[in-house]
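Note that the structure is a prediction, hence the values are computed from the model and not measured. Note that these values count all heavy atoms, side chains included, but never hydrogens, waters or copies made by symmetry.
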Amino acid sequence: AIGYRGLKPSKMLVNELVSPPLGKLCITHSSVASTSMEETVALQHQDIFDFGLVVLFVVTADVLLDVAEVAAAVNAAEQLSHADVGSLRSAAKVIKVCLAEPPSVRPNFTDVYHMLNRAQK
């Protein structure tokens, strides 16, 4: 598991009743109704970052314990994407945009969906 930021087991939903098991990030925040629009956008950028970390882990199997390790893991994912495997190439692109700094340049989940959908065609 990735041991920093907002990514916690309580935010991961896994349906083990189907095969293969399906997982997703829980992107709802209990305090969203009471937060300002600026805070809500910040939470969404954090959720995108967390999603990028999950994809990075799936591609590299690297357990990241510090923010300083992210750049090296992204480079490893990009190196893997040069292999003749189309899905790795798409995953590396998603990782890079989801982990982008500053947070304001990160996509939203709809953008990520469209990126992945275009990659399948």
Side-chain angles (χ1 to χ4, degrees):
I2 300 158
Y4 65 94
R5 296 240 182 172
L7 190 59
K8 300 173 179 67
S10 62
K11 289 181 113 181
M12 298 295 294
L13 302 175
V14 179
N15 181 353
E16 296 176 333
L17 299 175
V18 296
S19 182
L22 298 174
K24 73 175 197 170
L25 284 175
C26 177
I27 60 170
T28 58
H29 300 277
S30 58
S31 60
V32 167
S34 64
T35 60
S36 69
M37 183 58 136
E38 187 176 293
E39 291 169 322
T40 301
V41 169
L43 291 171
Q44 290 171 351
H45 289 307
Q46 182 61 50
D47 287 337
I48 285 291
F49 187 91
D50 292 345
F51 178 77
L53 291 176
V54 171
V55 178
L56 183 61
F57 175 75
V58 168
V59 170
T60 64
D62 286 338
V63 177
L64 305 178
L65 299 176
D66 192 298
V67 174
E69 298 175 1
V70 171
V74 170
N75 286 337
E78 286 183 318
Q79 293 301 315
L80 289 171
S81 75
H82 294 298
D84 193 23
V85 181
S87 60
L88 285 180
R89 191 166 298 132
S90 301
K93 289 177 186 175
V94 168
I95 291 166
K96 196 166 189 172
V97 297
C98 289
L99 302 180
E101 291 293 340
S104 61
V105 300
R106 294 179 192 148
N108 60 39
F109 277 107
T110 302
D111 296 333
V112 171
Y113 169 81
H114 288 302
M115 286 178 68
L116 295 171
N117 193 37
R118 280 192 300 269
Q120 291 181 354
K121 295 179 180 179

Residues V105 and A100: closest non-hydrogen pair is CG2-CB, 3.7 Å

Between T60 and A76, the two heavy atoms sitting closest are CG2-CB, 4.3 Å

d(N75 CG, K96 NZ) to nearest 0.5 Å is 8.0 Å

| Can you check whether C98 reaches V112 side chain to side chain, under 4.5 Å on heavy atoms? | yes

CD of E78 to CD1 of I95, rounded to nearest 0.5 Å, is 8.5 Å

Open item on the list: Strictly distance-based, threshold 3.5 Å: is any side-chain N or O of N108 a donor or acceptor partner for the main-chain N or O of T110?
Closed with: yes

State yes or no: do F109 and L56 share one hydrophobic cluster built from I, L, V, M, F, W and Y residues joined by side-chain heavy-atom distances below 4.5 Å, directly or via other members?
-> yes

### Query
Going by heavy atoms in the side chains, are L53 and F49 under 4.5 Å from each other?
yes

Rounded to the nearest 0.5 Å, the CZ atom of R106 sits from the CG atom of D47 at a distance of 10.5 Å

### Query
Any side-chain heavy-atom pair from M115 and V97 closer than 4.5 angstrom?
yes

All heavy atoms of D62 vs all of A73, minimum pair found to be OD2-CB, 4.3 Å

